[in-house]
Amino acid sequence: MPELPEVETVARGLHKRVAGDTIHSVWIGEKLQPLKSPAAQIVSTLEGKRIARVHRAGKHIIVDLEGSSATRKKISRSRAGKRRMEDGKAQWIVHLGMTGQLMVSKPGSEVVRHTHLIAQLASGRELRFVDPRMFGKLSVHLDEFDPGGIEPLEVTEDQFRALFRGRKTPIKSALLNQKLLRGVGNIYADESLHRAGIRPRRQAATLSREQLHKLHEMVRKVLLEAIQAGGSSISDYVNADGEEGMFQIQHRVYGREGEPCLRCRTPIRRVVIAGRSSHYCPQCQK
DNA sequence: ATACCGACCTGTCAGC
DNA sequence: TGCTGACAGGTCGGTA
């Protein structure tokens, strides 16, 4: 579900609302699928921590945690030798998968089906993770989390060209490969390729310098416009406040099979590449 | 190493 | 009304 713009929107919303708050206690549901770290480890890492910052890397939400001031005082008073704990820094990583939601709720509000984690905050609010399909993943890390790949909003044109050099895979598949660029998913791959005038099946290595220049530009442009619009809501994506994004109305190919290309009126075609629906204009994209 | 393909899950919607 | 199949923003592991 959520690609870079949706995850960015959620992370920004969460940061604005819960940074500075402290996680009081954590409840985790029975279903174990969404956990990459053991439940007990997630609970013990989160509880008592202050949320310093919420940000994004690729499609991962990163919650920076640090020991609460109360804990800090207690530890430094009791044991000078255990100063490592004093820092108490950790990261809580949330991947939303296809249908995951991380949102701030009022404590009394109804706990919807498929709620897998509830973190009670000192302010009285709750941070909840809901995920019907359970493709999402939760984990905690004591060292800096690195998902690999390059941020598409930071990649230089030289780096971008190098990513695809010698790759025989379809450019669409390469754009979806998170080890190369992190954060581009099915919607934004299709939208970027349409704007760059490149067919999704084109072998990455055969793209001209000019086409790569254009693609680099369009990936960036599409992602920025989507962030501006608060992401794309197809069926169940909502931001941290439970609001839908608006970028779906600006989609030029994704989900528009059979409808006219907005540039040349040719019907948009849908094919399957690497198991994913891929939409393109047979006239505009070469 | 590289590249498809099914599997992982639940929910929704179109068609019969 | 209800059944069936296709499909859904993502990623992983097995297989060629």
Side-chain angles (χ1 to χ4, degrees), chain A residues 1-11 29-36 56-61 93-103 112-116 129-139 145-149 152 163-193 200-206 219 222-223 225-227 229-240 243-258 270-279:
Chain A
M1 172 243 293
E3 307 180 32
L4 186 152
E6 291 75 32
V7 178
E8 178 69 26
T9 302
V10 170
E30 305 290 301
K31 298 277 179 71
L32 294 180
Q33 258 85 356
L35 307 181
K36 273 175 86 182
R56 175 196 65 75
K59 296 174 191 168
H60 300 265
I61 296 169
I93 310 300
V94 179
H95 193 296
L96 299 175
M98 292 278 261
T99 52
Q101 295 177 7
L102 190 59
M103 55 212 302
V112 299
R113 213 159 125 74
H114 307 302
T115 298
H116 302 296
F129 177 68
V130 179
D131 184 12
R133 284 179 76 182
M134 296 192 292
F135 288 169
K137 292 281 182 290
L138 304 180
S139 62
F145 173 74
D146 177 16
L163 290 178
F164 306 116
R165 201 164 291 149
R167 293 193 183 266
K168 292 182 181 170
T169 193
I171 184 62
K172 167 80 184 270
S173 305
L175 286 173
L176 293 179
N177 184 344
Q178 303 295 298
K179 293 277 182 288
L180 303 178
L181 286 180
R182 62 188 196 208
V184 178
N186 206 33
I187 294 177
Y188 300 106
D190 280 4
E191 293 297 319
S192 305
L193 287 168
R201 256 198 239 281
R202 270 291 294 278
Q203 282 191 358
T206 68
V219 165
V222 164
L223 293 176
E225 284 179 20
I227 291 171
S232 301
S233 290
I234 303 298
S235 64
D236 47 18
Y237 161 73
V238 290
N239 67 15
E243 298 163 340
E244 299 189 341
M246 288 303 292
F247 192 71
Q248 64 279 8
I249 64 175
Q250 294 180 55
H251 291 174
R252 299 187 188 176
V253 286
Y254 185 84
R256 297 193 62 246
E257 181 187 11
R270 174 183 171 277
V271 296
V272 174
I273 300 171
R276 316 296 304 278
S277 268
S278 303
H279 312 73

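Letters A, B, ... mirror the listed sequences (proteins, then strands); counts begin at 1.
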Pairs touching residues 244-253 of chain A that satisfy side-chain hydrogen bond (donor to acceptor under 3.5 Å, both in side chains), sequence neighbours left out:
A:Ser232-A:His251

The criterion is salt bridge (Lys or Arg N to Asp or Glu O under 4.0 Å); which residues satisfy it with A:Glu225, sequence neighbours excluded?
A:Arg195

For nucleotides 13-16 of chain C, which of its nitrogen or oxygen atoms have a protein nitrogen or oxygen under 3.5 Å away, and what is each distance?
none

Heavy atoms only, 4.0 Å cut-off, all strands: where does A:Gly275 land among base, sugar-phosphate and nothing?
nothing

To the nearest angstrom, the NE2-P distance between A:His60 and C:dG9 comes to 18 Å

Just jot down the side chain to side chain donor-acceptor pair (under 3.5 Å) partners of A:Arg276, sequence neighbours excluded, or say none.
none

Select base, sugar-phosphate, or nothing to describe what A:Ser233 touches, counting heavy atoms under 4.0 Å on all strands.
base

Tell me every residue that passes side chain to side chain donor-acceptor pair (under 3.5 Å) with A:Thr169, counting only those two or more places apart in sequence or in another chain.
none

Would you mind reading off the distance between A:Leu181 atom CG and C:dT11 atom P, rounded to a whole angstrom?
13 Å

Does the side chain of A:Pro152 come within less than 4.5 Å of A:Leu4's, by heavy atoms?
yes

For A:Gly183, does its backbone N or O pair with a side-chain atom of A:Gln178 as donor and acceptor, under 3.5 Å?
yes

How would you list, by chain and number, every residue that makes a ring-ring contact (aromatic ring centres under 6.0 Å, His included) with A:His116, sequence neighbours excluded?
none

Between C:dA8 (P) and A:Asp131 (CG): distance, integer Å
18 Å

Could you tell me whether the side chain of A:Ser173 reaches within less than 4.5 Å of the side chain of A:Ile273, counting heavy atoms only?
yes

Please tell me if A:His95 has a side-chain N or O lying less than 4.0 Å from either OP1 or OP2 of C:dG10.
no

Counting Watson-Crick and G-U wobble pairs with both distances under 3.5 Å, what is the dot-bracket string for DNA chain B, 5' to 3', using [ ] for crossing pairs and | for pairs to another strand?
.|||||||.|||||||

Listed once per pair and sorted, the salt bridge (charged side-chain N to carboxylate O under 4.0 Å, His left out) pairs that draw on residues 174-191 of chain A, sequence neighbours left out
A:Asp146-A:Arg182, A:Glu151-A:Arg182, A:Lys172-A:Asp190

Side-chain donor-acceptor pair present, A:Arg133, A:Thr99, cut-off under 3.5 Å
no

Between A:Arg133 and C:dG9, is there a side-chain N or O to OP1/OP2 distance below 4.0 Å?
no

Scan residues 172-180 of chain A against DNA chain C and write down, sorted by residue number, each residue with any heavy atom closer than 4.0 Å; if none is found, say none.
A:Gln178

Without decimals, in angstroms, what is the distance between A:His279 NE2 and C:dG9 P?
8 Å

Spacing of A:Ile61 atom CD1 relative to C:dG9 atom C1', expressed in whole Å
13 Å

Using the side chain to side chain donor-acceptor pair (under 3.5 Å) criterion, which residues pair with A:Glu8? Sequence neighbours excluded.
A:Arg12, A:Arg56

Run the ring-ring contact (aromatic ring centres under 6.0 Å, His included) test against A:Phe135 and tell me which residues pass, sequence neighbours left out.
none

Can you check the A:Gln248 CD to C:dA8 P distance for me, whole Å?
16 Å

How far does the P atom of C:dC3 sit from the matching atom of B:dC9, given to the nearest Å?
24 Å

d(CZ, A:Phe135; C1', C:dC7) in whole Å:
12 Å

Less than 4.0 angstrom between a side-chain N/O of A:Lys59 and OP1 or OP2 of C:dT11, yes or no?
yes

Hey, are the side chains of A:Phe129 and A:Pro34 touching, using non-hydrogen atoms and a 4.5 Å cut-off?
yes

So A:Pro147, base contact, sugar-phosphate only, or nothing? Heavy-atom distance under 4.0 Å.
nothing

Indicate yes or no for a side-chain donor-acceptor contact from A:Thr9 to the backbone of A:Asn239 under 3.5 Å, with no hydrogens or angles considered.
no

Looking only at side chains, do A:Glu6 and A:Tyr188 share a donor and an acceptor under 3.5 Å apart?
yes

What is the distance, rounded to the nearest whole Å, between atom CZ of A:Arg276 and atom C1' of C:dG10?
6 Å

Check every nucleotide of DNA chain B for an atom under 4.0 Å from a heavy-atom of chain A, then give the first and the last such nucleotide from 5' to 3'.
B:dA3 to B:dG11

With heavy atoms under 4.0 Å as the rule, sort A:Tyr254 into base, sugar-phosphate or nothing.
sugar-phosphate

